[in-house]
*Asks:* 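Got a structure here, written out as structure tokens. Questions coming.
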Amino acid sequence: MMADKFDKNWTNYNNGYPLNNEEVQRYISVVPTENQYRLSQNPFYCFMHFGMNTATAREWGTGAEKASDFTIRKINAQQWVKSVKAAGASGVILTCKHHDGFCLWPSAYTEFSVKHSGFAGDIVKMVSDACKEENLYFGVYLSPWDMHDERYGTEAYNDYFCNQLTELLTNYGEINEVWFDGAKGANARAFEYDWERYYALIRQLQPKANIAICGPDIRWVGNEGGKTRKSEFAVVPDTLCRAETVSENSQHTENESVKLKSLTSTDEDLGSRKVLEKSSGLCWYPAEVDVSIRKGWFYSRNENITVKSGRKLFQLYLASVGNNCTLLLNVPPTDKGVIHHKDVKALKSLGRKIKEMTANPILIQSPGAFTEQDGFIDFPFDRERKLKYVILKEDIRKSQRVEAFDLYVKKKNGKFKKVASKTIIGSCKIIKLKGMKCVGVRLVVRQSRSNPLISEIGFYE
């Protein structure tokens with residue numbers, strides 16, 4: 001009998017796991033900060049790799065560049081921002097200083113900046129102002145590794161780095177995210193970054209900013225190819241927040257920036273009960289998927305042929321935003337100071353596809369907290385519909401709870417057919433179907449940490 005498949009659910013079986021005990025309460029006591037929650041509501045934004053490497057046509061610099069090697073004389077920041085806004089992105093993170101050490105703003109603490117390059121203006125200000133005009137968030141990337149600065153490897157460099165951070169965090173309005181990585185060349189001087197000092201400065205000057213990757217607020221998904229885990233938990237052992245651990249797994253050569261695109265994370269399971277029960281400390285640490293629209297991270301005319309199509313970008317969106325992650329899509333401006341027309345076309349296509357996904361709602365409901373009578377919930381439609389997407393969202397302010405669920409469509413003859421068997425939901429789970437004809441949907445939660453809390457479920461044709 002089909003009914004037997006519905007009888008075993010979170011209310012009476014929970015896949016054999018405790019529904020509520022002290023350990024479960026420990027898990028669900030971990031919730032996002034206000035900054036992390038705001039991030040979950042704006043899960044798609046864009047990286048912009050632009051700088052000395054754009055002018056010299058490299059991925060990584062050499063450390064021997066001069067400010068005059070930055071030969072770009074103008075940019076169209078409004079075009080940059082409008083291009084990514086058309087894709088549906090909510091913000092921009094600009095590479096204000098990459099590993100080569102060249103600064104896109106006229107820093108008072110180094111001669112190696114746009115101020116001495118022949119470029120008239122402050123590129124960081126141009127981009128941040130353009131973001132304000134379009135009502136997009138603005139974030140900054142500042143590379144801890146610096147090939148150029150002679151202070152690197154000494155305590156004086158930590159002072160220099162904090163001075164640079166202070167400039168970026170005080171002169172450009174509200175900063176939404178500060179992005180650090182642990183990339184460091186194999187021949188770089190051995191040096192410990194003063195992460196705690198950096199974090200404290202950010203918290204002081206920009207309390208609304210999330211600190212990403214080598215930081216306590218957002219974790220790296222583990223590769224640069226857009227691959228996510230089957231179960232992408234946000235509640236994880238707090239050891240993952242240690243920046244040094246991330247640094248050890250970051251890029252150490254220029255070639256690794258390509259290799260990382262095909263790697264999968266060595267740790268597939270980061271947040272199951274099996275993992276959490278062994279960890280004395282837990283934290284809310286959601287994953288960010290960083291991936292480039294092109295083969296490389298900086299613009300190269302040789303890579304125009306590698307621009308991902310709107311269809312491919314949409315698949316990345318479904319796999320990241322639709323799997324409890326945020327998506328950071330890199331869109332590198334050209335040496336002419338604009339986003340290339342091929343990238344613009346792909347971004348517009350992505351924006352259309354994201355809008356089309358929810359353009360025809362069948363039913364949107366907010367179930368809220370499930371009771372012990374809600375082992376499964378039926379969502380009847382007004383008539384037979386062609387179901388294409390189901391979007392589920394948990395109320396993550398009460399933590400991440402659902403660990404397994406099934407979706408069944410109800411056919412016109414009253415019979416049920418299973419169309420999806422998934423694990424986590426989190427901030428967003430998008431399930432793509434093939435225009436399946438049905439008169440309703442049954443959601444069966446199989447396993448949960450305490451009572452499920454679904455803030456929204458939407459059905460779209």
*Asks:* Between E232 and R229, is there a salt bridge with N-O shorter than 4.0 Å?
*Replies:*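 Yes, charged N to carboxylate O under 4.0 Å.
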*Asks:* Roughly how far, to the nearest 0.5 Å, is CD1 of I93 from CG of L329?
*Replies:*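 One finds 11.5 Å between CG of L329 and CD1 of I93.
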*Asks:* Any donor and acceptor pair, going by atom type alone, linking the side chain of E174 with main-chain N or O of F138 inside 3.5 Å?
*Replies:*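 Flag not set: sc E174 to bb F138 has no pair under 3.5 Å.
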*Asks:* With no hydrogens and no angle check, do the side chains of D238 and Y285 hold a donor and an acceptor under 3.5 Å apart?
*Replies:*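 Distance-only check fails for D238 and Y285.
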*Asks:* Kindly assign one of parallel, tilted or perpendicular to the pair F47 and Y141, based on the angle between their ring planes and the thresholds 30° and 60°.
*Replies:*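 F47 vs Y141 ring planes: perpendicular.
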*Asks:* Say whether, by atom type as modelled, one donor and one acceptor occur between the side chain of N53 and the main chain of E59 under 3.5 angstrom.
*Replies:*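 Yes.
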*Asks:* In terms of the angle between their ring planes, are W195 and F180 parallel, tilted or perpendicular, with boundaries placed at 30° and 60°?
*Replies:*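 Ring orientation of W195 relative to F180: tilted.
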*Asks:* Answer yes or no: are there more than 12 heavy-atom neighbours, outside D382 itself, under 6.0 Å from its atom CG?
*Replies:* yes
*Asks:* Just verifying a value: how many Å separate D217 CG and E177 CD, rounded to the nearest 0.5 Å?
*Replies:*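 The distance works out to 8.5 Å.
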*Asks:* Would you name the heavy atoms of R73 and G118 that are closest together and state the gap between them?
*Replies:* CD-O, 3.5 Å
*Asks:* May I ask you to say whether E134 pairs ionically with K85, meaning some side-chain N is under 4.0 Å from a carboxylate O?
*Replies:*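 Between K85 and E134 there is a salt bridge, with a charged N closer than 4.0 Å to a carboxylate O.
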*Asks:* Determine yes or no for a side-chain-to-main-chain donor-acceptor pair under 3.5 angstrom, with E394 supplying the side chain and R401 the backbone.
*Replies:* yes
*Asks:* Would a distance-only check, ignoring hydrogens and angles, find a side-chain to backbone donor-acceptor pair under 3.5 Å from S366 to G368?
*Replies:* no
*Asks:* Is K97 reaching over with its side chain to a backbone N or O of S143, donor-acceptor style, under 3.5 angstrom?
*Replies:*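 Yes, because the side chain of K97 sits within donor-acceptor range (under 3.5 Å) of the backbone of S143.
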*Asks:* Between D159 and R197, is there a salt bridge with N-O shorter than 4.0 Å?
*Replies:*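 Salt bridge: yes.
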*Asks:* Ignoring hydrogens and geometry, is there a side-chain-to-backbone donor-acceptor pair from D69 to K66 under 3.5 Å?
*Replies:*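 Yes, because the side chain of D69 sits within donor-acceptor range (under 3.5 Å) of the backbone of K66.
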*Asks:* May I ask you to decide whether R301 forms a salt bridge with D335, counting only side-chain N to carboxylate O separations under 4.0 Å?
*Replies:*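 Salt bridge present between R301 and D335.
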*Asks:* Between the side chains of D395 and S455, is a donor N or O closer than 3.5 angstrom to an acceptor N or O?
*Replies:*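 Result is no, nothing qualifies.
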*Asks:* What about the rings of Y137 and Y45, do their centers lie closer together than 6.0 Å?
*Replies:* no
*Asks:* Quick one: does R449's side chain have a donor or acceptor within less than 3.5 Å of a partner on S399's backbone?
*Replies:* no
*Asks:* With no hydrogens and no angle check, is any side-chain donor or acceptor of Q400 less than 3.5 Å from a backbone partner on A234?
*Replies:* yes
*Asks:* Do other residues, nucleotides or ligands put more than 12 heavy atoms under 6.0 Å from the CD atom of E34?
*Replies:*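 Not buried by this count: 12 neighbours or fewer within 6.0 Å.
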*Asks:* May I ask you to check if K184 and Y193 form a cation-pi contact, with NZ or CZ under 6.0 angstrom from the six-membered ring centre and within 45° of the axis?
*Replies:* yes
*Asks:* To the nearest 0.5 Å, what is the distance between CG on N163 and CG on L168?
*Replies:*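 Between atom CG of N163 and atom CG of L168 there are 11.0 Å.
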*Asks:* S427 side chain to N324 main-chain N or O, any donor-acceptor pair under 3.5 Å?
*Replies:*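 Checked: no pair found.
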*Asks:* Taking F50 as the fixed residue, which of W80, F298, Y299 is the one that meets the ring-ring contact (aromatic ring centres under 6.0 Å, His included) rule?
*Replies:* W80
*Asks:* Between R294 and N304, is any side-chain donor less than 3.5 angstrom from a side-chain acceptor?
*Replies:*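 There is such a pair (donor and acceptor under 3.5 Å, judged by atom type) between the side chains of R294 and N304.
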*Asks:* Check whether S292 reaches the backbone of V331 with its side chain - one donor and one acceptor, N or O, closer than 3.5 Å.
*Replies:* no
*Asks:* Could you check whether the rings of F191 and Y157 sit parallel, tilted or perpendicular, using 30° and 60° as the cut-offs?
*Replies:* perpendicular
